[in-house]
Protein chains: 2
Amino acid sequence: MRSLHHPAAGAITLEGVLHALSDPARLQIVRNLDESCPRTCGEAGCPSLPRSTLSHHFRILREAGLVRSERDGVSMRNTLRRDELDKRFPGLLAAVLSQDCGSEAD
Amino acid sequence: MRSLHHPAAGAITLEGVLHALSDPARLQIVRNLDESCPRTCGEAGCPSLPRSTLSHHFRILREAGLVRSERDGVSMRNTLRRDELDKRFPGLLAAVLSQDCGSEAD
DNA sequence: TCAATAGTTCAATATTCTTGAACAATGGGA
DNA sequence: TCCCATTGTTCAAGAATATTGAACTATTGA
């Protein structure tokens, strides 16, 4: 397995972050990581998605700089890079995650 | 020309807004619309893009609910749906547009 | 009516997304 | 140590979306 790529905090782009958050599954994953502690892919909160798709979504999140993935035994420990993101883009993550995404009704 | 589709405020989705903002050209367009008054496509701030590409980007912005496009004579008047967006997703647009997007250096 | 201007739509190519199948890495027995 | 169950990643093929030149539509003015 090639080592997983994590961008430096300064290399995180606004477009990349927005793109990573623009997918329902990835937004759900980030919400889960924000609420609770490190999670494995399987605990991401998207039980209906195939593993390969989940892996793809985690890669997008990782390469956008939102998530750090470290191996922990047989699974991965995924954590939100909250502090770095808040420093790089103050208020952005809070503004996105505070939105009520459940019902689209007016 | 078919009439252009604008979603109702209540039908605007967070994912759609984030996806619309996740493209550099579209983010630039929204920044320009936010700073100044209604603009035509040609005044969008992306002089190097072909017309068809610009039209595509405006369609994404329109169908995501970010921009309202009305015909004004031979051109279009594009306006940011700022009030509706602020009501639907409080603080979101401000948080995105306040980010410094120019230099990615740390 | 003819031409100029502003955008849209179409069509072809290119890039990205989705996902089953194969592969790799770790850890727990026997 | 050798299997093997568990977790993810990578690969590959088809689906979906993005880019853009060319053709088309709508509006205005001469």
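All chains are named by letter (A, B, ...) in the order of the sequence lines, taking the proteins before the strands, and each is independently numbered beginning at 1. What you are looking at is a predicted structure, and each value in this text was computed from that prediction instead of being measured.
Applying the salt bridge (charged side-chain N to carboxylate O under 4.0 Å, His left out) criterion to B/R82, with sequence neighbours excluded, gives B/D34, B/D86. In this structure B/P50 satisfies the side chain to side chain contact (heavy atoms under 4.5 Å, CB included) test together with B/S52, B/T53, sequence neighbours excluded. Take A/P38 and apply the side chain to side chain contact (heavy atoms under 4.5 Å, CB included) test, not counting sequence neighbours, and it matches A/R77, A/T79. Scanning for side chain to side chain contact (heavy atoms under 4.5 Å, CB included) contacts around A/S75 gives A/T40, with sequence neighbours left out.
Per the geometry, CZ belonging to B/R71 stands 5 Å off C1' belonging to D/dA26, to the nearest Å. Residue B/N78 contributes atom CG, which lies 14 Å from atom P of C/dA6 at whole-angstrom precision. Computed from coordinates, the A/R39 CZ to D/dG8 C1' distance equals 18 Å when rounded to whole Å. Per the geometry, CG belonging to A/L61 stands 12 Å off P belonging to C/dC17, to the nearest Å. Residue A/R51 contributes atom CZ, which lies 14 Å from atom P of C/dA21 at whole-angstrom precision. To the nearest angstrom, C1' of D/dT28 lies 12 Å from CG of B/D72. As rounded to whole Å, 17 Å separates atom C1' of C/dC17 from atom CZ of A/F58. Distance CD (B/E63) to P (C/dT8): 11 Å, rounded to an integer number of Å.
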Using a 3.5 Å cut-off and no angle test, enumerate the donor-acceptor pairs between side-chain atoms of residues 57-66 of chain B and protein atoms at least two apart in sequence or in another chain.
unit_1	atom_1	unit_2	atom_2	d
B/H57	ND1	B/R26	NH1	3.1
B/R62	NH1	B/S69	OG	3.3

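Looking at which nucleotide of DNA chain D each of A/V74 and A/S55 is closest to, the 5′-most match is held by A/V74.
Expressed to the nearest 0.5 Å, how far NZ of B/K87 lies from CD1 of B/I12 amounts to 11.5 Å.
Counting any heavy atom pair closer than 4.0 Å across all strands shown, A/T40 reaches sugar-phosphate atoms only and no base atom. Residue contacts for B/R77: at a heavy-atom cut-off of 4.0 Å it reaches no nucleic acid atom on any strand shown.
Applying the 4.0 Å criterion to OP1 and OP2 of C/dT8, one finds that B/R62 has a side-chain N or O inside that range.
When all heavy atoms are compared, the tightest approach of B/I29 to B/C46 is CG1-SG, 4.0 Å.
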Sort me out a list of protein N/O and nucleotides 17-22 of chain D N/O pairs below 3.5 Å, or just none if empty.
unit_1	atom_1	unit_2	atom_2	d
D/dA18	OP1	B/H19	NE2	3.4
D/dT20	OP2	B/T53	OG1	3.4
D/dG21	N7	B/S52	OG	3.1
D/dG21	O6	B/S52	OG	3.2

